[in-house]
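Worksheet: one structure, shown below.
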Amino acid sequence: MHPITAQRGAMTERPPPVRCVAMAMAALAAALRAWLAAAAPRDAAWREALARCAPPLCSLAALAAQMRAAKRLPWGSSALGAFPDLAERLWRKQRGAAEALLEQLGSRRAELRTVRDAVGAAGAAVVRLYEERAAELGLEVVLRRGPRCPSLADALEGLQDVERYYRRLYLEIKLFLFRISCDSLADMETLPQSWERILERYKGHVVQDTLLKISLFVDNQRELCSSAGS
């Protein structure tokens, strides 16, 4: 449930004191400013981990093609028959190479999970703070937008959009990696194309849009505080 919706019933009709509103809004702006400062490097780490998945996936696809080609070789009816254990040794070597590549992808998945968890925890902390201070703000203040400034409700909604983006993409990547198997070489050969299709589905600019939205909100609050103090 959206935090704004959850708090509607808790807000009284009488507007809260101006000083309480200002203090609560300052606390939320500070929390959003801290979230913003951490979000950009986290998103950079996320995008780097995604980019580093592509090379091992391409290597797995090439390895799968080699393994399929090796299976088609006439091992027993050619000069290769003089080496009866050669096919098995080659298969073990190729399986070992595949496992090493899967370990690399496992490391990338761990990096993505770290970002997902950090973003989720940071966003949840801001929402909890809002829930604690919601009665001091009043619904009208929470929903108020400026000519070039989103509302606090817009900023909080953006946090949830970002958390949902990371969570859903991470889950799809996790399932994608778990399905990779040397027992299905045809599927392994198409890993790069399957990977690109996943990224294409999540090509939206949710994170960047939210960073801009929250930056505008925080800057506006800073200007309002400066005007009030002058």
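Since we're looking at a predicted model, the values are computed, not measured. What you see below is based on every heavy atom in this structure, not just the backbone, and it leaves out hydrogens, waters and symmetry mates.
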Rounded to the nearest 0.5 Å, what separates atom [atom1] in [X] from atom [atom2] in [Y]?
X	Y	atom1	atom2	answer
Ile173	Arg109	CD1	CZ	10.5 Å
Leu169	Lys174	CG	NZ	13.5 Å
Leu152	Phe217	CG	CZ	4.5 Å
Leu185	Leu60	CG	CG	10.5 Å
Gln221	Arg33	CD	CZ	9.0 Å
Arg145	Asn220	CZ	CG	13.0 Å

Measure up the Trp46 and Tyr166 rings against each other and bin them: parallel (under 30°), tilted (30 to 60°), perpendicular (over 60°).
perpendicular
Checking Tyr202 against Leu50 for the side-chain contact (heavy atoms from CB on, under 4.5 Å) test, could you report, in this order, the C-alpha distance in whole Å, the side-chain angles of both residues, the deciding distance, and whether it holds?
CA-CA 12 Å; Tyr202 290 86; Leu50 290 179; over 6 Å; no
Decide side-chain contact (heavy atoms from CB on, under 4.5 Å) for Arg95 and Met67; before the verdict, give the C-alpha distance in whole Å, the side-chain angles of both, and the deciding distance to 0.1 Å.
CA-CA 9 Å; Arg95 287 291 294 255; Met67 294 169 80; 4.0 Å; yes
Are Leu28 and Leu212 linked, directly or through intermediate hydrophobic residues, by side-chain heavy-atom contacts shorter than 4.5 Å (ILVMFWY only)?
no
Transitive ILVMFWY side-chain link Leu171 to Ile180, under 4.5 Å:
no
side-chain hydrogen bond (donor to acceptor under 3.5 Å, both in side chains) against Arg144, all qualifying residues, sequence neighbours excluded:
none
Ser194: which residues meet the side-chain hydrogen bond (donor to acceptor under 3.5 Å, both in side chains) condition with it, sequence neighbours left out?
Arg197
What pair of heavy atoms forms the shortest contact from [X] to [Y], and how long is it?
X	Y	answer
Arg108	Glu111	NH2-OE2, 2.9 Å
Met25	Val141	CE-CG1, 3.3 Å
Ala39	Leu211	CB-CD2, 3.6 Å
Leu112	Ala49	CD2-CB, 3.7 Å
Leu32	Val218	CB-CG2, 4.0 Å
Leu216	Cys149	O-SG, 4.0 Å

Gln160 vs Glu163, side-chain contact (heavy atoms from CB on, under 4.5 Å): CA-CA, chis, key distance, verdict:
CA-CA 5 Å; Gln160 294 182 322; Glu163 186 277 333; 5.6 Å; no
Would you say the side chain of Leu57 lies within less than 4.5 Å of the side chain of Phe176, judging by non-hydrogen atoms?
yes
Could you go through Tyr165 and Asp161, starting from their C-alpha distance and side-chain angles, then the distance that decides it, and tell me whether this counts as side-chain contact (heavy atoms from CB on, under 4.5 Å)?
CA-CA 6 Å; Tyr165 164 81; Asp161 290 341; over 6 Å; no
Only residue of Leu191, Leu177, Leu105 satisfying side chain to side chain contact (heavy atoms under 4.5 Å, CB included) with Cys53 is Leu105
Would you find a donor on one side and an acceptor on the other, under 3.5 Å apart, between the side chain of Ser107 and the backbone of Glu103?
yes
